[in-house]
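Note that the structure is predicted; figures quoted are calculated from it, not measured. These numbers come from the heavy atoms of this one structure, side chains and all, not from hydrogens, waters or symmetry mates. Just follow the structure's listing: the first ligand is 1, and inside any ligand the first atom is 1.
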Amino acid sequence: MRFILAFVLVFPFLINAQNQYPQDYFGNPLDIPLILSGTFAELRSNHFHSGLDIKTQQRVGLNVKAIADGYVSRIKISAYGYGKALYITHPNGYTSVYAHLQKFAPEIEAYVKKHQYKKESYEIEMFPGAETLPVKKGNLVAYSGNSGGSGGPHLHFEIRDNAQRPINPMLFGIDIADSTMPFVKSIYAYPLDENSFVNNSNKKQKLRLIPIESGDYVIKNVNAIGNIGFGIETNDRQNLAANSNGVYNIQTFVNGNKNFELDFKRFSFTETKHINQLIDYEHYVTKKERVQKLYKKNNPLSIFKSVINDGVIKIEDSTYLVYKIRVADFKNNETWVTLNLKGSKNNITTPIQTKTTPYFIKADQAVNLKEGKISVDFYQDTFYEDFYLDFEVNSDTLKLHEDVIAAKKNFNITYDISNYKEADKSKLYIARLLGYNKFSSYTYTQRRGNILTASTKTLGTFALATDTIKPTITPVNFKDGQWLSKYRYLKIKIDDEGSGVSNYRATINGKWILMERDNYKDKTITFDFNDGIVTDTKNILKIIVTDNVGNNSTFESLFYRK
Ligand SMILES: [Zn+2]
């Protein structure tokens, strides 16, 4: 009887799992064995990783192939983000995505260039219909690269459902050898209110992890009282790569009962920003370590499963609890952390000091703060939690707390610049100061008359900055007046101090030419003579570069070609 019951419970689950994700439908996007430099949903800055990062042997130019029949349904090119990206929609409703590409397969490349020349823009986004660029499983569709926001050659590969939500591609049977247990780097305990303590402290505590022979860990002698949450810093390594990647699933248990689970199978792009509430954001900003909270407080993410009491542990005086954390990778290699918690009243008598300011922000209310010529607007639900905000204005400098609290919405900072000279107004922008008033970063600023507005999600210190310096334009592989008959490419470096390059426009003999800006970190733009634009012997190349406040530079050069 017991056997039958188990069978009945397990069998429908297996059928469901197989129905949900077809197993033999999709092939390999590369001709080489798949080794990952990034796993699905691993923690990145301001987002969960939406696919697999596949290593390409430190090279660009590897064949990228359609993983199944379908049609090219979207092409996007940008110097940022995904760089050159190709989307294929398959008849079963899924879409595969290939990003940071070097270039597309010839037929697709010709289609893209035609549109770039028509639109006179390197950055482009297109949605071809089902008849335009059909593909068969295994067709060459592109070459791997390092374009956009990529930090080294690799293929970023995704599978999305018909609502454009990315799903862990490994669920479709993509097999990555992994026999290594996840690694736990640190565990933190968080007293969650002023009546809660861990080891006699009301502040977060790093707990001492003791590795045991099995590869698991124990934590001994934790005294606590009240409402406690835990946080974990954990990674996983796969067999063929030395780098550490994200884990697949985390569960916690109190006295043997599951009370919390993080399940990284699928998420949506609208919720990915809530990663900043999942991690200990202040810890990340100050220490660059990502500690994931094992409790759910004020977090709308959909990846929480079986959460009891938000994952928060309530421990009373003179009670004992066994709290266990199970971390697993996709191959179900698992690592356990066992904590023995003892409920004991704290013996601290000094009251808890919370730093207060006159500006208590209630997360569910809109707030306007104004002083002098500066005004700040927080909309309703900009923050996850209520807090005391530091707000200080000193002429043109705005101290708006520190970047230790995550925001889920942009807020607006406005400066009234009517006291500036007319000629200077157009050169002003709002900058966020980094470090000790030394480095500033451009914050996208719009000007309407005497009002400058910057929109951002990052707290910190802001100031007005001036950019009067024009962009620089420097030829890389040629000189003025040269014969360039044997050249395949023209390469030029463009740069701007202050607000940064906003856009550029290049022509030869007055005709627009496509100059590719492959990766935003690389300041080189490149023209390919194979585009067939240059037919004359004597040619004038002209480039205009504009920065973010509108300063522009013009570069002109003569070259010959036969
Ligand atoms: Zn990636």
Side-chain angles (χ1 to χ4, degrees), residues 26 28-30 32-67 74-88 94-104 125 141-161 164-172 174-176 178 235-238 240-248 264-276 278-279 284 288 290 303 329-330 518-522:
F26 294 123
N28 186 337
L30 294 172
I32 56 169
L34 301 185
I35 302 175
L36 303 186
S37 59
T39 47
F40 183 79
E42 71 181 17
L43 314 175
R44 301 280 176 93
S45 48
N46 304 318
H47 67 284
F48 296 97
H49 189 231
S50 51
L52 302 177
D53 280 348
I54 306 170
K55 295 192 180 202
T56 52
Q57 306 173 335
Q58 285 101 44
R59 294 184 288 145
V60 298
L62 270 52
N63 292 345
V64 175
K65 302 183 309 182
I67 59 168
R74 184 181 174 195
I75 295 165
K76 190 174 180 198
I77 298 179
S78 168
Y80 299 89
Y82 284 39
K84 292 185 180 172
L86 184 81
Y87 298 67
I88 298 174
Y94 293 99
T95 298
S96 54
V97 183
Y98 315 79
H100 306 307
L101 302 168
Q102 178 194 42
K103 59 183 177 185
F104 303 103
E125 184 171 21
V141 290
Y143 300 91
S144 69
N146 184 35
S147 61
S150 177
H154 74 282
L155 175 69
H156 172 95
F157 169 69
E158 290 179 18
I159 297 178
R160 297 185 183 177
D161 67 12
Q164 293 301 307
R165 286 175 300 194
I167 304 168
N168 191 333
M170 295 207 259
L171 288 164
F172 296 86
I174 289 171
D175 192 39
I176 311 287
D178 186 350
N235 285 306
D236 184 51
R237 208 178 66 73
Q238 277 126 5
L240 298 170
N243 51 281
S244 49
N245 293 331
V247 303
Y248 179 64
F264 296 110
K265 279 193 181 65
R266 172 165 72 181
F267 61 86
S268 73
F269 286 101
T270 54
E271 63 175 327
T272 194
K273 63 189 172 191
H274 300 308
I275 189 172
N276 287 340
L278 176 67
I279 60 169
Y284 170 63
K288 294 290 160 226
R290 291 187 175 97
I303 56 170
D329 59 26
F330 190 81
D518 191 53
N519 186 306
Y520 81 100
K521 281 170 264 185
D522 182 359

Once you measure the plane-to-plane angle for His154 and His100, does it fall in the parallel (<30°), tilted (30-60°) or perpendicular (>60°) bin? tilted
Measure the spacing between CD of Gln57 and CD1 of Ile35 and express it to the nearest 0.5 Å. 7.5 Å
For a distance under 2.8 Å, tell me if His100 has an N/O/S atom near the Zn ion (ligand 1). no
Are Phe330 and Phe264 close enough that their ring centres sit under 6.0 Å apart? no
Which atom name does Asp53 have for its N/O/S atom nearest to the Zn ion (ligand 1)? OD1
For Glu158 and Tyr82, which I'm curious about, is there any donor-acceptor pair between the side chains at under 3.5 Å? yes
What atom name does the N, O or S atom of His156 nearest to the Zn ion (ligand 1) carry? ND1
